[in-house]
Structures are given as C-alpha cells and as structure tokens.
Amino acid sequence: MRNTTYIREIEKYEGQVVTLSGWLYNMRSSGKLRFILLRDGTNVIQAIVSRNDVGDEIFNRCDLLTQESSLKITGLVVKDVRSPIGYEIQVNDLEIVHIAEEYPISPKEHGTPFLMDHRHLWLRSSLQHAILNIRHEIISACRSYFDNNGFTLIDAPIFTPAACEGTTTLFETDYFGSKAYLTQSGQLYMEAAAMAFGKVYCFGPTFRAEKSKTRRHLTEFWMIEPEMAFCDLNGDMDIAEEFLEYIVQRTLKNREAELKLLERDISKLQNVKRPFPRISYDEAVDILKKSAEGQAFEYGNDFGGGDETIISAAFDRPVMVHRYPADVKAFYMKNDPEDASKALCVDVLAPEGYGEIIGGGQREDDYAVLLDKIKKHNLPVEAFDWYLDIRKYGSVPHAGFGLGIERSVAWICGLQHIRETIPFPRLMHRLQP
RNA sequence: UCCUGCGUAGCUCAACUGGCAGAGCGGGUGACUGUUAAUCACUAGGUUGUAGGUUCGAGUCCUACCGCAGGAGCCA
C-alpha cells in the first residue's frame, strides 16, 4: 500500500479521478452537501460530497467523521476559483480508516501551555507545519552549503568526559560508575578533525543545564559547527557571512508560501546580503553608550540580551561583533596579537532583536599558551591531554564557529518564542511529550 | 537561584466593594444544495490548583505549598 497522489501536486491531476488519503481537518455541512477539509501532510484541500452524487450510504458515512479522523477520498479534481489552492475534489467514494476520538485541539484559540502538552498533535496545525518545514529547509541549506564547499561531515560524540567551557552547567549522567556529561559543543573534536580533513563540520544536539527561563533558551538544541585549518578570524567571518546569506536566501526562494503563512516581513530577510557590517567590541560599546537604554553598560562585560538588541537595531542585516575582552570568553580563544586583552572571536547578532545566532573565532594554537589558559580556568589538565596534542603535532592557525539552529529558525520565521522551532522542545519545565 | 504575574467547564475567558457558578468556542441532537474559524435552534458539561485560616457567608481576603508563564543572570 502506497500513496501516489498528494495534495501538493494536485494541479497535475485536473480532470482526473484520484484517491487522496489523509485526515479530516474540518467539516461543514449544508443540507444535502458536506464540505470536507482533507489534510494529507502536504496541504489541505476541500472535498465536496453531494447526496445526489454518492447516494445515501456514502453520504451518511460523512456524519460519522470527527475532527482528525483518517479517511480516503476518491473523486474528480476540478478547478475552482473559490478554493485557496485553486482546486477541489468532487467525491465519488469515501472510505473511513479510523474514527478519531474527540480531538483536544479545536480550530479556535488555545494557550501555549495547553498546546505544548499536546505537542504531538499540535504538529498537525498549519502554523507549526509551516515552521517545521522552514526548519527542514534551513537544516538542508546548512548541510548543502558545507557539503558543496569542501567540508567533511565529522560527527562529534554526545557523551563527553569534561566541560568544553567551564562556566556552563552540564547535564551529568552515570557512565558505568563514572561521570559523563552531555555535550555542550562539538568544537574541540572538530579542531582535531580539521587537522585530519582540513575543513570539517558537525551537526548535532547540544545540552545546557542552565536554569534559563526565557524565550531564547532550550535545554536541548541543535548546533552546526564548521572548523577550518589554516584559517584566521577574518577568514572565519568571510565563511560565516557567506553561509548565513546562503541559508536565508535559499529559504526565501524555496519557502515563500510558509513565510507568507507566518506573516513574516520578507523585506527584512531580503536585506541579508554580503557584506555584513563588522564592528569591534569597542565600537559596539560606543553604540550602546550613545543609546538611551544602553548607557549603564559597563565596559569589559559581555553583552546581555537587551544590549544585543540595541546593537543589532543599528543595522539592517546581521552584524558581526569581533574582539571581545578575552576575560569574558572561553579558554580556547586566541588572544589578539595587537591587543592581548582581546580575543580573536566573533559573535553574529541577528537583526530585530533575535540575538546571538553565531559564536566563533580563531583558536589558540600555541601549546604553552593554551596549557596556561586551561590552568587559569581551573580545568582538569588531564582531560585536555588529547586537545593539547593538536598543538604538539603540526599546529596551525585554525578557526570555526557554531550556528544555533533554533535561534536561526525563530529569526527567519519571525517567531516570538524559540520553543516552536523544534518538534519536541526541552525546556526547564518541559520534558513531555 | 532571584524578581514579577497567573491557576474558574475539554479550550479561551468573565464574575463590581466578600453575597445564587456565567459566556463564547468545542462536544451531542436537529435544520439547511456552495460552505470558507459557515449559520440557526435545542442540549449536556464545575471538588473555582492543593491544604489550612478569617467571616453569618470566600472564586474573591490571609498563610503555606504545588504547577505554569515572562524576565534577570548565563548562553546558541
């Protein structure tokens, strides 16, 4: 058993009799007519059942149908200007596959906690369907970009023996009697892989046990992390902006219908073209100091969510902020040779207040300096033996970055909250479904 | 962890200063041959988050707890 006809390509079948399989999205009745909205995962189409055409037995079957019941409809595909998709089905036959119990999600308003409790059903709704289709497009574009530019996919492990960045809280698990942690970045492994393959990337889930309750945080999210040997900070920024331009422009091209359904202001995305502005941390602080709300900012700190919004509001496309104070950045960042207090790092801030979507930079490639940094951060040196080895056997300048998939999806879709950008979100207060 | 707010029908919400527990949607029954979140009529549906307290009387006031939402810190 296999479907051959989907609503997405219904225009190919105009004037023909087809069988569609799907679920009842909604039904209206009018005397001896039944209007069935059939959803098949690719789109929704209206099917008209007339008592005079199908006879009493098939017609009465319609009245057994409940919202989200599964069914097969056979009928003639006809053009109709009243239809949102231009076509409808005049039904000859209707087969019920399963009568659904009373469906909890009605076509009217619901609150997010209720919908999240029913996330496994909420996925069937049109807006969620659009968001996850765009997520699929973005992930597909990310992979295409790296695959087409000479990068090799190298999967990083999920279980790790120690923190990549000492500051963040990790999820701890029992690993045959010893401790293991869920990864918060594949980067260290990508550095090793870059020395073997030149240009590599990994794409996988990432875990943060921070008790963050904001619209920008998940405890489990997906990150794509490229790493390049023989690459400095400028080369890193070149790749980051070309990469971002590619995924945004490809999504615009292939997912116009979904973006329209989400009422996304497309013009904001059309601006996402190279070159992106590149400003230093010091210049970003100047922007803050000139703004009304940012004057309280203390030089030397990392930017908070509100600070990032002010900085990004000064530009009409993503802005790359480089050379933060080394003290607020991770131990593996290389210091700027022209100003040792700064790190050769870059954060890409999305427009419209969506915050940091990319973080990256040039890595420390000197053995002695890196060892010193590990010690200064109070990290266990033994756990980083293998990582230090990379600096012992043909060390080279190298750089990379990580892009947060969900924050990117939220930005491109124009969503208020990150939780709808992933099929089954994991939040501080949500592990179900 | 801290700050703020919210818990009333399946869902979304009302209920004045403490005075009979309400509506819309959804469900059920019926009407309707072009409906677009269809419409119309009828109908069922409640331990007001939990436990105490104040009061003649608590959805409403007080205390504690539980759950949830937003924000801060931290980060992608």
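A note on names: the letters A, B, ... follow the listed sequences, proteins ahead of strands, and every chain is numbered from 1. Bear in mind the structure is a predicted one, so any value in this text is a computation, not a measurement.
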> Roughly how many Å is it from CG in Leu415(A) to P in rG70(B), rounded to a whole number?
Replying inline: 14 Å

> In the strands shown, is rC42(B) matched to any nucleotide by a Watson-Crick or G-U wobble pair with both distances under 3.5 Å, and which?
Replying inline: rG28(B)

> Is Tyr299(A) atom OH crowded by more than 12 heavy atoms from other residues, nucleotides or ligands, each under 6.0 Å away?
Replying inline: yes

>> Run the ring-ring contact (aromatic ring centres under 6.0 Å, His included) test on Phe114(A) and Trp122(A) for me, step by step, so that the C-alpha distance in whole Å, both residues' side-chain angles and the decisive distance to 0.1 Å come before the verdict.
In response: CA-CA 10 Å; Phe114(A) 173 81; Trp122(A) 191 20; 9.7 Å; no

>> I'd like to know if His110(A) reaches the base of rC11(B) with its side chain such that a donor and an acceptor end up less than 3.5 angstrom apart.
In response: no

> Touch check for Glu88(A), heavy atoms < 4.0 angstrom, all strands: base, sugar-phosphate only, or nothing?
Replying inline: base

>> Evaluate Arg250(A) against Ser140(A) for side-chain hydrogen bond (donor to acceptor under 3.5 Å, both in side chains), listing each step before the verdict.
In response: CA-CA 10 Å; Arg250(A) 198 178 114 173; Ser140(A) 172; 2.7 Å; yes

> Which base sits across from rA21(B) as a Watson-Crick or G-U pair, both distances under 3.5 Å?
Replying inline: none

>> For a 4.5 angstrom cut-off between non-hydrogen side-chain atoms, does Tyr201(A) reach Asp147(A)?
In response: yes

>> Please confirm whether the shortest side-chain N or O distance from Lys213(A) to OP1 or OP2 of rG70(B) is below 4.0 Å.
In response: no

> Taking the C1' atom of each, how far is rA15(B) from rA58(B), in whole Å?
Replying inline: 13 Å

> What distance, rounded to whole Å, do you find between the two C1' atoms, one in rU63(B) and one in rU1(B)?
Replying inline: 23 Å

> Out of rU1(B), rC74(B), rC32(B), which has the shortest distance to the side chain of Ser30(A)?
Replying inline: rC32(B)

> Considering heavy-atom distances to RNA chain B, does Met428(A) or Gln67(A) have its closest nucleotide positioned more toward the 5' end?
Replying inline: Met428(A)

>> Looking only at the side chain of Glu210(A) (C-beta and beyond, no hydrogens), which of the listed nucleotides rC75(B), rC68(B), rG73(B) gets closest?
In response: rG73(B)

> Ring-on-base stacking between Phe35(A) and rG34(B), under 5.5 Å between centres and under 30° between planes: is it there?
Replying inline: no

>> Tell me the interatomic distance from Gln184(A), atom CD, to rC74(B), atom C1', rounded to whole angstroms.
In response: 11 Å

> Where each residue is assigned the nucleotide of RNA chain B containing its nearest heavy atom, which of Glu102(A) and Ser29(A) is assigned the position nearer the 5′ end?
Replying inline: Glu102(A)

>> Should the side chain of Gln416(A) and the base of rG70(B) be counted as holding a donor-acceptor pair, with the cut-off at 3.5 Å?
In response: no

> Ile418(A) has an atom CD1; how far is it from atom P of rG71(B), in whole Å?
Replying inline: 12 Å

>> At 4.0 Å (heavy atoms only), tell me whether Pro104(A) reaches a base, stays on the sugar-phosphate, or touches nothing.
In response: nothing

>> The side chain of Ile48(A) is closest to which nucleotide in this list: rC74(B), rG34(B), rA37(B)?
In response: rG34(B)

> Please give, in whole Å, the distance from rG67(B) C1' to Leu431(A) CG?
Replying inline: 16 Å

> Could you state the CD1-P distance from Ile45(A) to rU35(B), rounded to the nearest angstrom?
Replying inline: 18 Å

>> Counting the atoms with a prime plus P, OP1 and OP2 as sugar-phosphate, which does Arg430(A) contact under 4.0 Å by heavy atoms, base, sugar-phosphate, or nothing?
In response: nothing

> If the C1' atom of rC3(B) is compared with that of rC56(B), how far apart are they to the nearest Å?
Replying inline: 40 Å

> Whom does rA72(B) pair with, Watson-Crick or G-U wobble, provided both distances fall under 3.5 Å?
Replying inline: rU1(B)

> Does Arg216(A) make a side-chain N or O approach to OP1 or OP2 of rA72(B) shorter than 4.0 Å?
Replying inline: yes

> Between rG49(B) and rU8(B), how far is it from one C1' atom to the other, in whole Å?
Replying inline: 10 Å

>> What verdict does the ring-ring contact (aromatic ring centres under 6.0 Å, His included) test give for Tyr281(A) and Phe303(A), after you've listed the backbone C-alpha separation in whole Å, the side-chain angles of each residue and the deciding distance to 0.1 Å?
In response: CA-CA 10 Å; Tyr281(A) 172 87; Phe303(A) 301 125; 5.1 Å; yes

>> When both hydrogen-bonding distances must be under 3.5 Å and the geometry is Watson-Crick or G-U wobble, what is rC61(B) paired with, if anything?
In response: rG53(B)

> Do Arg407(A) and rC75(B) share a donor-acceptor pair, side chain to base, under 3.5 Å?
Replying inline: yes

> Which part of the nucleic acid, if any, lies within contact of His118(A), taking any heavy atom under 4.0 Å across all strands shown: a base, the sugar-phosphate backbone alone, or nothing?
Replying inline: nothing

> If we take the P atom in both rG10(B) and rC66(B), what is their distance in whole Å?
Replying inline: 25 Å

>> In this structure, how many angstroms lie between the P atom of rC11(B) and the CG atom of Leu121(A), rounded?
In response: 14 Å

> Taking C-beta and beyond as the side chain, do Glu364(A) and Tyr332(A) meet within less than 4.5 Å on heavy atoms?
Replying inline: no

>> Let's see if you can work this out: which of rC74(B), rC32(B), rA37(B) has an atom nearest to the side-chain heavy atoms of His217(A)?
In response: rC74(B)

>> I'd like the C1' distance from rC13(B) over to rU48(B), given in whole Å.
In response: 13 Å

>> So that I know where these two stand, are Phe146(A) and Phe243(A) an aromatic pair - ring centroids less than 6.0 Å apart?
In response: yes

> Of all the choices, rA76(B), rA72(B), rC68(B), which nucleotide is nearest to the side chain of His429(A) once you look at every atom?
Replying inline: rC68(B)

> Which part of the nucleic acid does Glu406(A) contact within heavy-atom distance under 4.0 Å: base, sugar-phosphate only, or nothing?
Replying inline: nothing

>> Both distances below 3.5 Å, Watson-Crick or wobble geometry, any strand: find the nucleotide opposite rU8(B).
In response: none

> Taking atom P in both rG5(B) and rU47(B), what distance in whole Å separates the two?
Replying inline: 29 Å

>> Can you identify which nucleotide, out of rA76(B), rU12(B), rG70(B), has its nearest atom closest to the Phe114(A) side chain?
In response: rU12(B)

>> Tell me if the side-chain of Ser106(A) makes a donor-acceptor pair with the base of rG10(B), cut-off 3.5 Å, by modelled atom types.
In response: no

>> Using a 4.0 Å heavy-atom cut-off, does Asp347(A) contact any base of the nucleic acid, only the sugar-phosphate backbone, or nothing at all?
In response: nothing

> Would you call Val78(A) and Glu88(A) a side-chain contact if the rule is heavy atoms closer than 4.5 Å?
Replying inline: yes

> If you check the Leu218(A) side chain, which of rG34(B), rA76(B), rC68(B) turns out closest?
Replying inline: rA76(B)

> Arg51(A) side chain N/O closer than 4.0 Å to the phosphate oxygens (OP1, OP2) of rC32(B)?
Replying inline: no

>> Please determine whether a side-chain nitrogen or oxygen atom of Arg215(A) lies at a distance below 4.0 Å from atom OP1 or OP2 of rG71(B).
In response: yes

>> Output the rounded distance in Å from CD1 (Ile105(A)) to P (rG27(B)).
In response: 14 Å

> CZ of Phe297(A) versus P of rA72(B): gap in Å, rounded?
Replying inline: 15 Å

>> Taking rC40(B) as the reference, what is the distance to rG24(B) when you measure between their P atoms (whole Å, please)?
In response: 11 Å

> Pick one: which of Asp336(A), Val346(A), Asp339(A) meets side chain to side chain contact (heavy atoms under 4.5 Å, CB included) with Arg323(A)?
Replying inline: Asp336(A)

> For Gly111(A), which contact category applies under a 4.0 Å heavy-atom criterion: base, sugar-phosphate, or nothing?
Replying inline: sugar-phosphate

